[in-house]
Structure formats: C-alpha cells, structure tokens
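To start, the structure itself, in structure tokens.
Below, all heavy atoms of this structure are taken into account, side chains as well, without hydrogens, waters or symmetry copies. Each chain gets a letter, A, B and so on, in the order the sequences are listed, and its residues count up from 1.
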Amino acid sequence: MGVKRKRKVIMFDVVGDRAIPKLNKTNCDVSNNVNSLINRWNGRAYTQRFYDILEKRKTLPVWHQKEEFLKALKDNQTLILVGETGSGKTTQIPQFVLETLELESRDKCNKYMIACTQPRRVAAMSVARRVAEEMDVNIGEQVGYSIRFEDCTSSQTVLKYLTDGMLLREAMTDPLLGRYNVIILDEAHERTLSTDVLLGLLKEVQKNRPDLKLVVMSATLEAEKFQGYFCGAPLMKVPGRLHPVEIFYTQKYEDDYVEAAIRTVIQIHTCQPPGDILVFLTGEEEIEDACRKIKKEIGNFGDSVGPALVVPLYSTLPPAMQQKIFDPAPSRLMPNGPAGRKIIVSTNIAETSLTIDGIVYVIDPGLAKRKVYNPRTRVESLIVSPISKASANQRSGRAGRTQPGKCFRLYTEKSFHNGLQSETCPEIQRSNIANTVLTLKKLGIDDLVHFDFMDPPAPETLMRALELLNYLGALDDEGNLTRLGEIISELPLEPQMGKMLVVSPELNCSNEVLSICAMLSVPNCFVRPRKAQKAADEAKARFAHIDGDHLTLLNVYHDYKQNNDDQSWCSENFVNYRVLKSADNVRQQLACIMARFNLKLCSTDLNSRNYYINIKKAMLSGYFMQVAHLERTGNYLTVKDNQVVHLHPSSRLNHKPEWVIYNEHVFTSKDFLRTVTDVRGEWLIDMAPHYFDLVNFPHCEAKRVLEKLYKKKERKADINTKKLSFRVTSGTCILV
DNA sequence: GAGCACTGC
C-alpha cells in the first residue's frame with residue numbers, strides 16, 4: 001500500500017501544482033469517505049496525524065450542523081452564525097465552505113478564494129496554522145494568513161485568515177473584493193472599528209456582486225441584531241462546549257471593589273476545592289497592588305493553606321512575564337497538605353485576547369477601563385466604567401473551559417439585570433473616526449451621513465472628522481477626496497501624521513520625520529523598572545532634546561541605529577528593544593509606501609540651523625490644530641478651544657515655551673498634553689494661515705499675539721514689495 | 001511630578 005501511495009504522489013508531482021485540483025477529482029471527498037488516501041490539495045498521501053485530527057474534528061458541535069449550514073449558504077447570500085466558545089466555528093466553517101467551492105469548481109477549473117477575518121493578529125496566525133494542520137497542507141500554501149508586516153500566502157492559497165484591518169486595506173485597491181467568493185467575518189460581536197466598517201462596506205459591495213457570499217459569525221445573541229441589519233438573513237445557532245459555571249452575586253453593593261476582590265480570593269483559597277483563580281481588575285497599578293496584598297495575606301496563613309502563585313497580567317507586561325500565567329500551580333508543600341493554586345490578576349486582556357486553561361474560579365467586579373471620545377473637546381480618555389452583560393458572561397465563561405466552575409460577581413443580581421447594558425457600546429461610537437472617514441472616502445463612499453452603519457457614529461464626531469480632514473487638505477470643500485487625501489489614506493497613520501510625512505520632502509527632512517512617525521506609531525519605548533527608576537530617568541535625560549519630546553524620540557532612534565540595533569545597548573539605556581525593532585519595521589513599511597508615491601527621502605544638513613526648524617515646520621503642517629499657548633497666568637490653553645491643559649510630567653520640555661504642539665491630549669488625573677514640542681508663533685501663520693485666520697477666533701492672549709505677528713508679517717511684506725518696486729524702477733535688478 | 005484597557009493598518 002505504501003508503494004501505491006508513493007506512485008500517486010510522483011504522478012501528481014510531474015503534472016504540477018496548477019493541475020492538481022482538477023486531477024484530484026478522481027479522489028473521494030474527505031467528508032464522505034475518510035478512507036481516501038490522497039490529499040486533494042497537494043496530491044500527497046495523508047499523514048496519520050490527519051486522520052487523528054479528523055476524528056477529533058468530528059466531535060465538534062459545529063459538525064452536527066454541517067449539512068444544514070451548507071444548504072443555508074447555498075440558498076442565501078448572507079448567513080449569520082452564532083457559535084459560543086468551543087463550537088469549532090472558526091476552524092471548521094471555512095473548511096466546510098472550501099469543500100463546497102471545490103466541488104462546484106472541479107469541472108470548471110475556476111479560481112476561488114475564501115477570506116476569514118479576525119480582530120487580532122495572533123488569532124489570524126494561530127488559527128491559520130491549525131487549519132493547515134487539519135487539512136494536512138503546509139501553512140502559506142493552500143491555507144495562509146495575512147497580517148501587517150507578514151503575508152504568508154501564495155498563488156495556491158484558497159483559504160486566507162486575515163485581520164479585519166487587513167481586509168479593509170485590500171478593499172482600498174480592490175473595492176469589490178473581486179478575488180473572494182466567500183467572506184467570513186469572525187468575532188463580529190466584538191464590533192471593532194474595522195469590523196463595523198467592513199459590515200457596512202460588504203453590504204454595499206454585495207449589491208454589485210450578487211455572487212459574493214457573506215457569513216457573519218458571532219459569539220453572542222447580538223446576532224439577532226446582525227440579522228436585522230442584513231434584512232432577515234437566516235440565523236443559525238451552534239451550541240458551545242463549555243462546562244457549567246455557577247454564578248454568585250453579592251448581597252449588597254461593594255464600594256471598594258479591589259478590597260472585595262482580594263477578600264474573595266482569600267475565601268476561595270482557604271475554603272474551596274483546588275482550581276486556579278482569575279481576577280479581573282482595571283489597570284496596571286491596581287493589579288500590581290492587588291498582587292502584593294494577596295501574597296501578603298496568604299503569607300499570613302502560613303502552612304495552614306496551600307501555596308499560591310500570584311501572577312499579574314496586562315498588555316504592557318514584558319512577554320516573559322506574561323508567560324508566567326501558563327506556569328503550573330505550585331505543588332503541595334506536604335504529601336497530605338492543602339493543594340497549591342495559581343491566582344491570576346488580569347485586565348480585560350484575559351477576557352478575549354488570551355485564554356488560560358485550568359481556571360475554575362472567576363472573580364468579576366464588573367468594571368473595565370474603556371476609551372471614551374468626546375468630540376466637543378476632541379479628547380480621548382480612559383474611564384473605569386461598568387462592563388456589559390455580554391462581557392460579564394464572557395468573563396464567567398473563562399471558569400468553565402476545563403471543568404465545571406464558579407464565578408463570583410462582586411455586584412448584586414439586580415444590578416446585573418437592570419444596571420448593565422446588554423452589549424458593549426461599539427468602538428465606532430467611542431472613537432475619533434477621522435481615519436475611518438478617510439478610509440471610507442478612499443473606498444468610494446461619498447455620502448457618509450447616509451452610509452448604512454449598523455450603529456452610526458455620533459453626528460458631531462463625524463463632523464469633527466470631516467472638519468479635520470478638510471483643514472488638512474485631504475478633503476476639498478465639497479468633501480471629495482483630494483490627491484493629498486488619497487496619499488494620506490494609504491499611510492497606516494493618523495491623518496495629521498500622514499500629512500506631516502507627505503509634506504516633509506518639501507521641507508527637506510523626510511528621513512527625520514519618517515523616523516518620528518515610526519516612533520510615534522509604537523508604544524512608549526522608555527523602560528522604568530520599579531527598582532531602577534532613578535537610573536532610568538537619568539538615561540532618559542541623556543536622550544532629551546531641549547526643543548521637545550518629538551526630537552527626543554528622534555534622538556533615541558538615531559542612537560539605536562548608530563549602535564547597530566544592539567539589544568544590550570537598549571537595556572543599558574533603559575529603552576525597550578522590541579519596541580524599537582518594531583519602530584524600525586514601521587519605518588520600512590512607511591518608506592515603501594512613500595516610494596510608491598515618489599516621495600523622496602532627504603535630510604537638511606545636520607549643521608544647518610534649519611535642520612530642526614524644518615522638522616518642526618513639517619510637524620506643524622499636520623498638527624497645527626493641536627497647538628497650546630502659554631498664558632501670562634502660567635497655564636497653557638489649547639488654541640481656539642481654550643481648554644486649560646498641563647504638560648505631562650513625562651515630558652522633557654521643562655522651560656515652558658510660549659507655543660507648543662502636542663501629539664496627544666489625554667484626560668487622566670488632569671488634562672495632559674503628551675509628547676510636546678516647542679514651536680514659534682510665526683510658523684503657525686506661515687504653515688496654516690487658513691486655520692489661524694483670526695476671524696471667528698475666540699478672544700484670548702493667543703489671538704492678540706497672533707494679531708501682532710500678522711501685522712509684523714504685513715510690514716515685512718510691505719518693505720519687501722517696496723524694495724522690489726524700488727529695485728525694479730531703478731533697474732538695478734531684473735526679475736526673471 | 002504622573003502613569004499605561006485592548007486591538008489594528
């Protein structure tokens with residue numbers, strides 16, 4: 001038999017890749033006959049592993065509804081599928097679809113492709129790997145994935161997992177997404193900005209492409225809302241495979257939720273059977289604090305309780321520390337002593353992004369930090385706020401992955417039913433959407449006011465976005481995309497930053513501005529370990545540029561490159577190596593896009609007094625709407641909307657210049673400007689006279705200063721014209 | 001003299 005297999009392989013190899021799908025029609029369909037020996041995708045004999053996995057796949061809940069699903073897909077253009085955790089939808093549904101497409105196209109030899117979107121890169125990558133394994137093919141061949149910085153697909157790829165943002169990018173060059181026959185939007189209930197834009201876009205595209213099938217997959221009952229949105233598309237429910245989780249509520253409202261959470265941890269650890277604990281808190285400081293207290297309290301019990309491994313978990317934790325959540329619980333201290341337990345104290349990251357097996361107890365105070373955008377003040381803030389019922393259920397589900405579990409909700413049952421929203425407010429209603437608007441314009445959506453969003457953004461947010469894009473020159477007064485806007489829309493940057501990058505070659509500083517853009521696109525690169533805060537601050541001071549934080553970032557990048565991207569140089573200087581490496585990645589990607597638009601890379605002579613002036617002018621060309629003025633009172637006021645703001649203490653800019661531009665205005669304990677640079681008033685009216693036009697300008701010191709600057713500029717212009725006319729009339733100078 | 005929920009292009 002082994003010999004026979006080999007022969008077949010040889011035969012297919014000679015024929016070549018292209019012909020394989022056609023030749024394979026001689027093989028039996030895997031789903032109908034598991035005994036077929038040859039993999040139709042690559043003509044190779046199936047490995048034993050394939051059969052082993054196949055047996056497991058068949059036990060997934062979604063397999064029982066395979067025929068039902070395929071029939072519904074055949075009869076409808078759009079299908080909604082609700083499948084809870086463990087249903088197998090993400091790995092199996094795309095394979096079911098693939099099987100039908102392959103059957104349909106066997107004789108016609110058509111090319112076809114399926115896309116399956118994921119909100120996160122890691123998921124796109126790991127699910128693609130898993131499915132390639134299940135299909136017994138090499139990753140990147142028939143099954144691949146596409147995420148930023150990494151395209152793992154080939155001409156043979158028929159099933160592609162990709163991030164939702166990546167599919168949006170593809171739509172920018174291929175508005176009808178012509179290469180796909182079926183698009184599957186997974187985790188649609190998370191309602192990320194990109195998913196919401198895709199929902200609206202695909203609904204639109206389907207009108208022009210009746211052949212394009214869409215499967216919207218969701219884990220919650222919000223699916224019924226999707227059903228309404230897609231005009232009654234059929235809804236299929238697939239059961240999940242979780243163990244039952246018992247829910248407990250508190251009798252009364254707990255006002256100190258951290259204290260209540262710690263108390264609950266101790267109670268579980270001292271009184272409940274073995275099993276790990278997952279606690280949800282809101283932020284880094286709170287989590288570190290709680291971990292210390294839990295360790296201390298458990299320590300007080302001595303040997304009467306089991307040993308505990310207490311680990312924090314949040315996104316900015318270094319990966320090596322994050323790995324600790326997968327360490328096994330400590331073993332008993334004595335043969336008959338109490339069992340050890342792992343206690344994980346985490347942010348929302350454990351709600352969706354990371355799954356940890358072995359959790360039996362979940363403690364949920366019902367809160368999370370969430371981003372909120374106020375279009376009136378244009379400020380994004382992080383606010384601790386109640387989670388939704390959907391989130392609460394997701395959290396409790398984390399207790400039932402490996403065995404029946406318990407979830408302790410630190411709020412009353414009444415407040416769960418009456419106080420919590422059923423679903424989390426979609427991101428599009430909580431964010432600045434300038435970038436989204438630009439993307440939609442590029443996708444050919446002209447009328448945004450009437451665009452069919454599932455949940456439209458607030459009108460004022462839309463207005464703010466259009467206003468910003470118009471001031472930047474990305475949209476004309478009719479709201480049409482300009483050539484500049486087109487270029488900016490292709491850059492994976494916020495529009496202000498895109499503008500400063502596009503303008504930078506004209507100011508002869510695109511190399512430097514490109515580096516600054518890259519540094520602003522990655523997380524904070526400065527490391528400040530609790531045990532070496534002073535040394536870290538001193539290291540940071542060595543990079544400091546007197547004119548501000550943007551130029552400090554440029555210094556860091558330059559030093560990093562001058563030291564040959566050296567990892568030990570990074571740790572000696574308290575900068576994060578991974579972050580700088582990814583800045584380098586971003587820089588390369590941006591440079592490629594610039595080359596496509598013939599934007600040249602150039603620098604002003606480092607010794608020229610214009611070296612930094614040009615860079616700052618380029619920054620102003622994009623960020624002229626983010627300027628603050630120092631009043632005589634000693635406070636900074638944002639220009640035009642006159643909000644009192646403070647320079648963030650992390651800023652190295654300590655001489656309080658009269659005018660500053662800032663990258664971010666955030667509200668935390670105060671109104672802070674983060675990443676700030678010194679600029680000159682004259683440049684404001686030079687770089688953005690249309691914005692600083694003084695008509696409709698609110699009365700404030702900034703206005704009076706600008707008035708003086710305008711007058712000075714006029715006088716200068718007068719003198720120049722006089723000089724000019726004198727010269728011309730005297731004939732000493734000929735204007736050519 | 002303060003902080004950084006989480007993603008994504």
Side-chain angles (χ1 to χ4, degrees), chain A residues 117-124 146-151 162-173 187 190-198 280-289 312-317 346-354 367-372 380-385 387 391 394 424 426-428 430-431 435-436 438-439 442 488-495 497-498 517 521-528 530 533-534 536-537 540 576 579 582 585-586 589-590 592-593 646-654 664 666-674:
Chain A
T117 67
Q118 295 293 318
R120 282 167 291 278
R121 299 160 50 98
V122 181
S146 173
I147 57 180
R148 188 181 185 182
F149 305 128
E150 203 183 338
D151 181 11
L162 72 179
T163 47
D164 45 17
M166 207 63 201
L167 187 60
L168 259 185
R169 287 275 141 182
E170 286 188 4
M172 283 167 69
T173 47
E187 314 288 359
E190 287 193 27
R191 305 291 307 275
T192 66
L193 243 172
S194 298
T195 300
D196 268 22
V197 174
L198 279 173
F280 285 100
L281 289 179
T282 66
E284 174 180 340
E285 211 181 300
E286 199 176 89
I287 286 168
E288 293 287 356
D289 202 42
L313 177 65
Y314 43 86
S315 75
T316 49
L317 201 67
S346 168
T347 60
N348 252 358
I349 192 169
E351 192 183 302
T352 48
S353 309
L354 272 171
L367 297 166
K369 249 184 215 175
R370 282 201 313 168
K371 186 176 69 185
V372 182
E380 272 185 351
S381 23
L382 282 172
I383 309 237
V384 174
S385 46
I387 60 171
S391 275
Q394 177 77 14
T424 308
E427 202 185 355
I428 198 164
R430 297 183 282 121
S431 316
N435 220 345
T436 306
L438 193 62
T439 306
K442 170 70 186 172
I488 297 176
S489 74
E490 298 267 344
L491 294 162
L493 299 171
E494 61 173 21
M497 217 187 287
C517 288
S521 299
V522 294
N524 178 18
C525 67
F526 296 107
V527 184
R528 198 167 183 251
R530 204 178 283 273
Q533 293 187 345
K534 196 161 166 257
D537 288 345
K540 188 172 175 183
N576 186 326
V579 168
S582 80
N585 243 335
V586 175
Q589 189 191 26
L590 294 174
C592 279
I593 301 172
H646 308 268
L647 302 188
H648 196 277
S650 67
S651 171
R652 304 306 307 176
L653 194 71
N654 33 29
E664 274 180 302
V666 290
F667 180 80
T668 49
S669 58
K670 268 187 196 169
D671 268 285
F672 284 116
L673 302 184
R674 244 195 328 232

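Listed by chain and residue number, nothing satisfies the ring-ring contact (aromatic ring centres under 6.0 Å, His included) test with A/Phe526 (two or more places apart in sequence, or in another chain).
Between A/Glu286 and A/Lys369 there is no salt bridge, since no side-chain nitrogen of the basic residue lies less than 4.0 Å from a carboxylate oxygen of the acidic one.
Residue A/Asp164 holds its CG atom at 4.0 Å from OG1 of A/Thr195, rounded to the nearest 0.5 Å.
Of all the heavy atoms in A/Ser489 and A/Met172, the pair that sits closest is O-CE, 3.0 Å.
Between A/Glu664 and the options A/Arg674, A/Glu380, A/His648, a side chain to side chain contact (heavy atoms under 4.5 Å, CB included) holds for only A/Arg674.
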message: Protein within reach of the bases, or only the backbone? For nucleotides 2-9 of chain B, mark each nucleotide 5' to 3' as B, S or -, using heavy atoms under 4.0 Å.
response: BBBBSSSB
